[in-house]
2 protein chains.
Amino acid sequence: MADDLFKALADPTRRTILDELSEKSGQTLFEICSRLSMKHRLGISRQGVSQHLAVLEAAGLVQTRREGRYKFHDLNTAPLRRIAERWLVPDSSGPEENTS
Amino acid sequence: MADDLFKALADPTRRTILDELSEKSGQTLFEICSRLSMKHRLGISRQGVSQHLAVLEAAGLVQTRREGRYKFHDLNTAPLRRIAERWLVPDSSGPEENTS
DNA sequence: TTGATAGGCAAGCTTGTAGTTGCCTATGCT
DNA sequence: AGCATAGGCAACTACAAGCTTGCCTATCAA
């Protein structure tokens, strides 16, 4: 559950993909591929990117919609909000808060 | 930089350690060990926990202070705030350079 | 129908990393 | 001094994860 989310974020290439989708949503696999190689000089195969997208989708960070032969990818930031709340929120049951 | 942070959070045992330090700060290595095995039924060696703490410290999530033969561990949530902001905020300055 | 484009599946290689075991240092108590 | 406690270091094992290659399916245009 949370495991998928944190593992998805652990890879720098996946974080770059999130950056790209954050900048322009609704990109196809090939569009993401070319941007990674052009803008970020990332030498990675199409299948590599596809696998990263699968991981991001399993984590709920990316949602997809199919239209004809195109598959569009959209960023979903909802899961990210839960991350911060786990430790940042001064929990009622926990004794101390450490803001240092 | 950010790489250390995300990789530190990728492991479920390390996240549990953060939970423990969030509940009670200033714990020693042995204290964390016994809590992991008691409360969380985590069968892990002392050295295993020690290595996890080193990763968390490298990520800036845990700070340590030494007193005599004791080494106390404190949670530092500051790095967590930057995570959410990376994608949650539709940033005005435009997109990246890559911070990973 | 043929060819080109967009994407998927699965096996295999390789590196990274969690975990262990064994031994070593430092502090404190009696 | 002697012993127990708290922690550190290094080598080794085992499994997970990133990435590639090769082949397959689906959609659309000429």
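Given the structure is predicted, the values throughout are model-derived calculations rather than measurements. The chains referred to below are lettered A, B, ... by the order of the sequence lines, with proteins before strands, and numbering in each begins at 1.
Checking B/Arg46 against B/Gln51, the closest nucleotide of DNA chain C that is more toward the 5' end is the one next to B/Gln51. Where A/Gly68 and A/Val55 each meet DNA chain D at their nearest nucleotide, the meeting point lying more 5' is that of A/Val55.
Look at NZ on A/Lys7: it is 13 Å from C1' on D/dG18, rounded to the nearest Å. We find that CZ of A/Phe6 is positioned 15 Å from P of C/dA18, with the value rounded to whole Å. The separation between A/Phe30 atom CZ and C/dG8 atom C1' is 11 Å, rounded to whole Å. Straight-line distance from the CZ atom of B/Arg65 to the C1' atom of D/dG7: 16 Å, rounded to whole Å. At whole-Å resolution of the value, CG in A/Asp4 and P in D/dA16 are 15 Å apart. The CD-C1' distance, from B/Gln27 to D/dG7, rounds to 16 Å in whole Å. The separation between B/Glu31 atom CD and D/dT5 atom P is 16 Å, rounded to whole Å. Computed from coordinates, the B/Glu67 CD to C/dT27 P distance equals 14 Å when rounded to whole Å.
Considering only the side chain of A/Ile44, D/dT20 comes nearest among D/dA16, C/dG22, D/dT20. The nucleotide whose nearest atom lies closest to any side-chain atom of B/Leu29 is, among D/dG8, D/dA16, C/dA6, D/dG8. Side-chain atoms of A/Gln47 lie closest to C/dC9 of the nucleotides D/dA6, D/dC28, C/dC9. Side-chain proximity of A/Asp11 to the nucleotides D/dA16, D/dA6, D/dG18 is greatest for D/dG18.
At the phosphate of C/dG8, OP1 or OP2 sits under 4.0 Å from a side-chain N or O atom of A/Ser50. Side-chain N/O atoms of B/Lys71 include one lying less than 4.0 angstrom from OP1 or OP2 on D/dG8. Taking only side-chain nitrogens and oxygens, A/Arg14 comes nearer than 4.0 Å to OP1 or OP2 of D/dG18. Contact check, A/Ser45 against D/dT20: a side-chain N or O comes under 4.0 Å of OP1 or OP2. Between B/Thr28 and D/dA6 there is no side-chain N or O to OP1 or OP2 distance below 4.0 Å. OP1 or OP2 of D/dC19 sits under 4.0 Å from a side-chain N or O of A/His52.
The shortest distance between side-chain heavy atoms of B/Arg46 and B/Leu29 falls below 4.5 Å.
Of the possible polar contacts, one joining the A/Arg14 side chain to the A/Lys7 backbone as a donor-acceptor pair under 3.5 Å is found. A distance-only check finds no donor-acceptor pair linking the side chain of B/Arg65 to the backbone of B/His73 [under 3.5 Å].
Other residues, nucleotides and ligands place no more than 12 heavy atoms under 6.0 Å from the CZ atom of B/Arg41.
At a threshold of 4.0 angstrom between heavy atoms, the contacts of A/Gly48 include nucleobase atoms, whether or not backbone atoms are also involved.
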Run the numbers on A/Leu21 and A/Ile32 for side-chain contact (heavy atoms from CB on, under 4.5 Å), then give the verdict. CA-CA 8 Å; A/Leu21 289 178; A/Ile32 296 171; 4.1 Å; yes
Before giving the answer on side-chain contact (heavy atoms from CB on, under 4.5 Å), spell out for A/Leu61 and A/Leu9 the whole-Å C-alpha distance, their side-chain angles and the decisive distance to 0.1 Å. CA-CA 9 Å; A/Leu61 288 167; A/Leu9 291 171; 3.9 Å; yes
